[in-house]
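Note that the numbering runs from 1 along the sequence shown for the chain.
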Amino acid sequence: MKSIFKQYGVVFILLSLLTGLIGAFVNPLMGLFIVEGLQSPPIYLGVYTTGVTLMGILFSQWLGGLADKGVSAKKMFMIAVSGMGMALIIFANATSFWQVFAAGVLLLSMGNAAIPQVMTIARQWADEQDHIDITQFNTRLRAAISFAWVAGPPLGYLLASGVAFSRSFYTAATFALLALIFAMKFLPSVNANDRAKKAEPNQPINHFGP
């Protein structure tokens with residue numbers, strides 16, 4: 001199965017779909033969850049969004065530094081997805097806004113880097129294959145992510161109907177666990193230093209793929 005997945009790039013398409021579904025199930029729900037589920041003032045939604053966004057930028061910068069030091073995109077993807085999964089478990093059991101805020105800022109913000117890392121790993125793999133049309137391959141990856149964002153939000157709202165937000169959070173956490181397992185079993189571990197050794201002396205190295 002591993003060889004089939006790698007030969008046709010199916011694992012990267014499935015991983016893009018799973019990663020997209022994590023955010024698609026959760027992010028559209030957060031406003032309703034904070035205001036209706038936790039009975040918090042609407043201004044707290046702005047506090048949450050600002051905190052998670054700013055921390056996501058800082059986390060992305062940190063990952064960029066790790067990439068420059070040669071840390072593989074696979075490891076960074078696993079860090080990002082693990083953070084998302086832990087945050088979702090906390091969301092499912094939270095009883096106050098500040099629990100959600102802390103989990104969002106410290107853990108969920110890592111998820112901003114998950115999809116870029118999937119695209120990076122996929123591009124690194126595709127660059128080494130002779131039978132892969134890179135343009136078509138990238139199109140399929142982006143289509144999988146787009147499909148996740150078309151199907152994910154309505155399914156997330158459906159699961160959360162009746163203010164049962166924990167069902168959506170646990171489902172998204174399951175996607176995060178599946179994505180982590182897929183990454184551990186199937187993804188190659190290629191770092192920037194390895195690619196630099198294989199490149200021509202004057203060939204620039206693109207750390208972040210497409």
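Using a 4.5 Å cut-off between side-chain heavy atoms of Ile, Leu, Val, Met, Phe, Trp and Tyr, with links allowed through other members, Ile115 and Leu58 fall into the same hydrophobic cluster. Linking Ile, Leu, Val, Met, Phe, Trp and Tyr whenever their side-chain heavy atoms come within less than 4.5 Å leaves Ile89 and Val100 in two separate clusters. Both Val118 and Met184 belong to a single network of hydrophobic side chains, linked directly or stepwise wherever heavy atoms of I, L, V, M, F, W or Y lie under 4.5 Å apart. Leu180 and Leu14 fall within a single hydrophobic cluster, where Ile, Leu, Val, Met, Phe, Trp and Tyr side chains are chained together by heavy-atom contacts under 4.5 Å. Hydrophobic clustering of Ile, Leu, Val, Met, Phe, Trp and Tyr side chains at less than 4.5 Å, counting indirect connections, unites Leu155 with Leu88.
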Could you walk me through whether Tyr48 and Leu108 pass the side chain to side chain contact (heavy atoms under 4.5 Å, CB included) check? CA-CA 11 Å; Tyr48 170 86; Leu108 192 71; 3.2 Å; yes

Taking it one step at a time, do Leu159 and Tyr170 satisfy side chain to side chain contact (heavy atoms under 4.5 Å, CB included)? CA-CA 10 Å; Leu159 287 173; Tyr170 279 129; over 6 Å; no

What verdict does the side chain to side chain contact (heavy atoms under 4.5 Å, CB included) test give for Arg142 and Met119, after you've listed the backbone C-alpha separation in whole Å, the side-chain angles of each residue and the deciding distance to 0.1 Å? CA-CA 9 Å; Arg142 297 180 189 281; Met119 301 296 289; 3.7 Å; yes

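Phe101 and Trp98 have perpendicular rings, their planes meeting at more than 60° on a 0 to 90° scale where under 30° would count as parallel. The aromatic rings of Phe137 and Phe12 sit perpendicular, their planes meeting at an angle over 60°, well past the 30° parallel limit. Under the 30°/60° scheme for interplanar angles, the aromatic rings of Phe175 and Phe25 are found to stand perpendicular.
We find the CE-OG distance between Met84 and Ser109 to be 10.0 Å, quoted to the nearest 0.5 Å. Summarising the geometry, atom OG1 belonging to Thr19 is positioned 7.5 Å from atom CD1 belonging to Ile145; distances are rounded to the nearest 0.5 Å. Rounding to the nearest 0.5 Å gives a distance of 12.5 Å between CZ of Arg140 and OG of Ser16. Atom-to-atom distance recorded for Phe182:CZ and Phe77:CZ is 10.5 Å, nearest 0.5 angstrom. Tyr44 contributes atom OH, which lies 11.0 Å from atom CD1 of Ile34 (distance to the nearest 0.5 angstrom). Interatomic distance, Met30 CE to Leu38 CG, rounded to the nearest 0.5 Å: 8.0 Å.
Between Ala73 and Gln124, the shortest heavy-atom distance links the atoms CB-OE1, 4.5 Å. Taking every heavy atom of both residues into account, Gly23 and Pro28 meet most closely at O-CD, 3.6 Å. When every heavy atom of Ala87 is checked against every heavy atom of Leu107, the shortest pair comes out as CB-CB, 3.7 Å. The shortest non-hydrogen separation linking Leu45 to Gly31 is CD1-CA, 3.6 Å. Considering all non-hydrogen atoms of both residues, Leu17 and Ala144 come closest at CD1-O, 3.6 Å. Closest non-hydrogen pair, Ser166 versus Ala92, comes out as CB-O, 3.7 Å.
Within the 4.5 Å cutoff, side-chain heavy atoms of Trp149 are placed close to those of Asn27.
Between the side chain of Glu36 and the main chain of Phe33, no donor-acceptor pair closer than 3.5 Å is present.
Ile43 CD1: 12 or fewer foreign heavy atoms inside a 6.0 Å radius. Around the CZ atom of Phe147, the shell of radius 6.0 Å holds no more than 12 heavy atoms that belong to other residues, nucleotides or ligands.
Remark: Thr95 engages Gln99 in a side chain to side chain donor-acceptor pair (under 3.5 Å) (not counting sequence neighbours).
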